[in-house]
Amino acid sequence: MAGFNFYFTHQNRLCLFEVAKWSTFLLCYIVARKISHKERILWGIIFLGMVEGIIAIFQKTHWLNSVHHDFNVTGTFSNPGPLGGFMGATITIILGLYLTKKCFIPKWALFTIFILFCFILLLADSRAGFLSTLFGMATLCCLFKKMKVESFVLIKSVSLFLFMILFIISIYYYKKDSADGRLLIWRVSIDMIADAPLVGHGIGTFENKYMYYQAQYFESHPYSKYEKLADNIVYPYNEFLRIGVEQGIIGIIFILCIIASIFKYTSKEKYNKVYLGGFVSLLTFSMFSYPFNVLLLWLLGSLLLGGIQYQKNIYALTKYKFQSSWIIIVCLVLSIKGGHDYYNLKLNVRKLYSESLQKRTATPFF
């Protein structure tokens, strides 16, 4: 996907951050594919969730400082949203493992962790996290249930559908202004897609062009109810819209084909159902947030896709040991290079912010 429509800057230089990001994704995907015991990947994800949960609890009890000055609980993320998304996918994985176990002790341990992670999800207070958890668990219930031709099965399905609709409506009114702000972003994003519908504006262009389109929208709608909700936006809060803006309809069709093939060709092995549940949870979260821009969520998607076993060898990227070894080496080098550049960028930003803050505090007020 990254090779389809690479974005070039005005200096015609390849966006190295995008190359490093996709190289890291590919590296984790290959590693996950090579691990024979697929349950270990799931337990590794749960361990990371446990670390995030402990940090969140320490932040809530003021033993650790939050990353964001407006929120008490963020984990290692920049705000509570990604924490909620990660917890949602992890809770889904825990429930999936619970359904695969038969012994009492593992089920009891998983149930305890499940309750703890639900508490962390409440602390994060992320609507997208709530939705991702709901849809992930609903997917597991559909995958693990025994198919019986009985009348109450239809009743249960309809009841679950109505519950999900009511839940979505209640989530909207829970923070209505924030939800309306996202509706504005999605409305402007559609205008951006309309200007370059086929191949999009190019990878990485959403941040550069969105504010111009938002200004044009308010020029055309001077009395819009969304005017008071306008802000400086760098994320569309919907990864499918981002793909549409940056890579057009061709990019959206390409992604949808990959997602459809994942569900179609995944084997019926029990752990694959757990992976699919976690993937649906992350996919749901991506419709209301920006996991592609969060490193841990980005790698989580790579691990979930790499851990799935398929009925047909359609993702045989690691079939030949020689080729895969070279791919791993190249991806590792690019990932290290991108990580080093990103680290230097963060240091420069912090230095610039610190200097500007010192100048403002040193300026006398009259």
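These numbers come from a predicted model, not from an experiment. We're numbering straight along the sequence, starting at 1.
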Using the ring of each side chain (for Trp, its six-membered ring), is Trp298 parallel, tilted or perpendicular to Phe292, with breaks at 30° and 60°?
perpendicular
Angle between ring planes, Tyr290 versus Tyr235, binned at 30° and 60°: parallel, tilted or perpendicular?
parallel
Around atom NZ of Lys264, are there more than 12 heavy atoms from other residues, nucleotides or ligands closer than 6.0 Å?
no
Look at the side-chain heavy atoms of Ile, Leu, Val, Met, Phe, Trp and Tyr, link any pair under 4.5 Å apart, and say whether Ile253 and Leu256 land in one connected group.
no
Under 4.5 Å between side-chain heavy atoms, counting indirect links through other Ile/Leu/Val/Met/Phe/Trp/Tyr residues: same cluster for Ile258 and Ile249 or not?
no
Flag for Glu52-Thr76: side-chain donor and acceptor within less than 3.5 Å
yes
Could you verify whether a donor N or O on one side chain and an acceptor N or O on the other, from Gln214 and Tyr210, lie under 3.5 Å apart?
yes
In a check of side-chain contact (heavy atoms from CB on, under 4.5 Å) between Leu121 and each of Leu83, Thr90, Ile91, which one passes?
Ile91
State whether Glu246 and Lys209 are salt-bridged, where the test is any N-O pair (Lys NZ or Arg NE/NH1/NH2 against Asp/Glu carboxylate O) under 4.0 Å.
no
Please report the interatomic distance [atom1]([X]) to [atom2]([Y]), rounded to the nearest 0.5 Å.
{"X": "Leu140", "Y": "Leu99", "atom1": "CG", "atom2": "CG", "answer": "6.5 Å"}
{"X": "Phe111", "Y": "Ile94", "atom1": "CZ", "atom2": "CD1", "answer": "11.5 Å"}
{"X": "Lys270", "Y": "Leu143", "atom1": "NZ", "atom2": "CG", "answer": "15.0 Å"}

Ring centre gap for Trp22 and Phe25 strictly below 6.0 Å
yes
Working note: Glu207 + Arg242, criterion salt bridge (Lys or Arg N to Asp or Glu O under 4.0 Å); need CA distance, chi angles, decisive distance, verdict.
CA-CA 10 Å; Glu207 297 89 340; Arg242 175 187 285 275; 3.5 Å; yes
Determine whether Leu97 and Tyr271 make a side-chain contact, defined as any pair of heavy atoms from C-beta on separated by less than 4.5 Å.
yes
